[in-house]
There are 2 protein chains.
Amino acid sequence: MMKKQLIMEKALELFAMQGFEATSVQQITEQCGISKGAFYLSFKSKDELILSLIDHFMMQITSELDCIVRDTEKTNEVLYKFYYGNFSSFYKYSDFAKTFIKEQTHSFNEEFILKIHYYDSELEKIILSMIERIYGENLPAKLDIMYSIKGFMNTYSHLFLFSQVPFDLHQLAKSLVEKTDLLAKHAAVPFLTEELYQNIKHPVTEEEQKEKILEIIDQKIEGLKDDSIVQESFILLKKHLKEPTFGPAIVKGLLENIRHNSHCKWITYLLQSYLKM
Amino acid sequence: MMKKQLIMEKALELFAMQGFEATSVQQITEQCGISKGAFYLSFKSKDELILSLIDHFMMQITSELDCIVRDTEKTNEVLYKFYYGNFSSFYKYSDFAKTFIKEQTHSFNEEFILKIHYYDSELEKIILSMIERIYGENLPAKLDIMYSIKGFMNTYSHLFLFSQVPFDLHQLAKSLVEKTDLLAKHAAVPFLTEELYQNIKHPVTEEEQKEKILEIIDQKIEGLKDDSIVQESFILLKKHLKEPTFGPAIVKGLLENIRHNSHCKWITYLLQSYLKM
DNA sequence: TTGACAAATGACCGGTTAGTCATTATTATA
DNA sequence: TATAATAATGACTAACCGGTCATTTGTCAA
């Protein structure tokens, strides 16, 4: 139907300027020259409108990007076409891009969050498959490269969406290709491991986390028999985990004891996070 | 006063969870165990509260970061301390960091936008001075490195703020130091020029932009006498700029004519942007 | 011209909000 | 204890919101 398209277009203009929540249905219908009731003939609710917008544009953008990566035959051109394609899409659908970036972090309802996550993970999949194609399956810092690419995209998108300055997308893409290539070929200090990434995507429950921590503590108690203070601290922390025994001061002190051992940085973080210190 | 601090703390917890606009003054006062009226004895309005929060924490974080960069004597440690310090701050003030990131792109009022811009440009200054100290004044891709750093900070902050997974900040900082160093030492295809950066920070008026475009067009008309189609197109576009003459179809066609000349990519972007095509 | 059906309207509803202010409670002072 | 000054309250206002629905308008075929 025609009406639906009109509403989507005008609403997007307003959302880009003022944000979703700051824009009322009244305003949208005024901009369209229709009545408030007519809006609800096309959309069940204001939420359905933004959900439709996200689906409509993200399906477009995501599939375009996927085609680019899939159909570009020369491997050395893929990165360029990826960046150029992405920024072109953002340029073409700039009102949507502005809205999406603005509302990305605002979670109105469960369905909204799920949609954002879905398209984000689709993008991650596309980027990962691209990286694997260009640099091979076993690139050590694969996930870091992926996040670096996302970082570049975010920061530079922001720049050209929210400043009125005209951008040379070709030069931008070229510049980012070089940066990405440098990182992929030479970065040797990875941060994101497969395990960490899996945890981010599928957060473990508190109970599972506790089991994991206890396991590592047992390893440490066995492995660090030469440092009695650290060992004793681990034993006490293990007791505290199984049943809360100590006050925050003692727990903090025990954590300090183990933190200084260079083999215990990771477990210290795990404990700190689990105990919400 | 005590009350003020209490309100700021409790409000921040709620803002981090639900966002600023979704949190009512009622909710805040309930969380504090005070009446609604009491809120307005401490703050003139809800806006003043968030503005105070931003000032309080951003002054803290920004000055801490500045001290780190200033006081670290060994140049090869500055980058690490910068990243580590920044992520530590975000970890320490995670409720604030969450709120700030969520509301960054939402512009409630003029004062809010100004504040966000102010602290953002302070951060940029700190990063730039750090880069200059480490890599020298004349690093060609200085501004790109700065934006890359901002990109890394943003993406990884997001990751550790909005996932419950515990992070090894030491490893993260180390990894980002390596990436930044690689880019600074080897990136040779800059995107952000000083001129472009100045335009972003101090956008020119439409009139100034028009003058600049006309100037470049005159250059092109002189310099591209061998391609009569391109030349003719520029002459017509110049006429159209001085007084709108043609419909969108003709203008688009003229732009297409010049776009394909490899020397005209930049001016095509300028025109496209100015004419809002 | 009529009547049946669909499309469109906008007054209206219940709910929520930021912010106010007359009133009350608490504290300090004389 | 009496009085003045200050702190705190919460019912209240005015505005706005998303969403509804009885009513009107427009458009067909008969």
Side-chain angles (χ1 to χ4, degrees), chain A residues 1-56 99 102-103 106-116, chain B residues 1-56 99 102-103 106-116:
Chain A
M1 193 208 282
M2 227 60 241
K3 213 39 95 39
K4 206 157 175 170
Q5 185 131 6
L6 176 72
I7 293 172
M8 284 171 83
E9 275 170 29
K10 298 292 180 188
L12 201 48
E13 285 173 25
L14 291 167
F15 291 164
M17 287 194 317
Q18 316 170 334
F20 172 71
E21 292 200 283
T23 303
S24 67
V25 174
Q26 192 94 247
Q27 269 182 291
I28 296 169
T29 55
E30 275 167 20
Q31 199 68 210
C32 294
I34 60 171
S35 70
K36 206 173 168 185
F39 176 91
Y40 288 93
L41 293 177
S42 294
F43 295 96
K44 277 217 315 290
S45 65
K46 196 186 161 192
D47 275 15
E48 199 197 83
L49 166 60
I50 190 141
L51 257 21
S52 297
L53 283 169
I54 290 175
D55 267 332
H56 177 260
T99 307
K102 276 188 178 174
E103 309 303 335
H106 277 232
S107 28
F108 312 110
N109 61 50
E110 192 62 30
E111 206 182 334
F112 185 88
I113 299 173
L114 283 175
K115 238 179 232 321
I116 300 278
Chain B
M1 185 203 289
M2 227 60 243
K3 217 28 101 42
K4 207 158 173 166
Q5 185 132 7
L6 177 70
I7 292 172
M8 284 170 83
E9 275 170 29
K10 298 291 181 189
L12 201 48
E13 285 172 25
L14 291 167
F15 290 165
M17 287 196 315
Q18 316 169 334
F20 173 71
E21 293 199 282
T23 304
S24 68
V25 174
Q26 192 94 249
Q27 267 183 293
I28 296 170
T29 56
E30 274 167 19
Q31 199 69 211
C32 293
I34 60 172
S35 70
K36 206 171 169 189
F39 175 90
Y40 288 92
L41 294 175
S42 293
F43 295 95
K44 277 215 318 290
S45 65
K46 197 186 161 192
D47 274 14
E48 199 196 83
L49 167 60
I50 191 143
L51 256 19
S52 297
L53 282 169
I54 291 175
D55 267 331
H56 178 260
T99 307
K102 275 189 179 174
E103 311 302 336
H106 277 231
S107 29
F108 311 111
N109 60 49
E110 193 63 26
E111 206 181 336
F112 185 88
I113 299 173
L114 284 174
K115 237 179 232 322
I116 300 279

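Bear in mind that the values here come from a model prediction, so they are computed numbers and not experimental data. Convention: sequence-line order gives letters A, B, ...; per-chain numbering from 1.
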Under a 4.0 Å heavy-atom criterion, the protein footprint on nucleotides 16-24 of chain D, written with B, S and -, is -SBBB----
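Atom CD1 in I28(B) sits about 11 Å away from atom P in dT17(C), given to the nearest Å. Rounded to whole angstrom, the span from the CG atom of L14(B) across to the C1' atom of dA18(C) amounts to 16 Å. The CD-P distance, from E30(B) to dT17(C), rounds to 10 Å in whole Å. When the C1' atom of dA8(C) is taken as reference, atom CZ of F43(A) falls 17 Å away, rounded to whole Å. Per the geometry, CD belonging to Q18(B) stands 10 Å off P belonging to dT17(C), to the nearest Å. For the pair K4(A) NZ and dA7(C) P, the interatomic distance rounds to 14 Å; values are reported in whole Å. Atom CE in M2(A) sits roughly 13 Å away from atom P in dA8(C) (whole-Å rounding). What separates CG of L41(B) from P of dT20(C) is a distance of 11 Å, to the nearest Å.
Under a cut-off of 6.0 angstrom, the local environment of CD in E30(A) is crowded, with over 12 non-hydrogen atoms contributed by other residues, nucleotides or ligands.
Judged by distance alone, the side chain of Q27(A) and the main-chain N or O of L14(A) form no donor-acceptor pair under 3.5 Å.
Applying the salt bridge (charged side-chain N to carboxylate O under 4.0 Å, His left out) test to D47(A) and every residue at least two apart in sequence or in another chain returns nothing.
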Could you give me the CA-CA distance, side-chain angles and deciding distance for F15(B) and I28(B), then say whether side chain to side chain contact (heavy atoms under 4.5 Å, CB included) is met?
CA-CA 9 Å; F15(B) 290 165; I28(B) 296 170; 4.1 Å; yes
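Between K3(A) and F39(A), every side-chain heavy-atom pair lies at or beyond the 4.5 Å cut-off.
Atom CG of L114(B) and atom OG of S107(B) lie 11.0 Å apart (nearest 0.5 Å).
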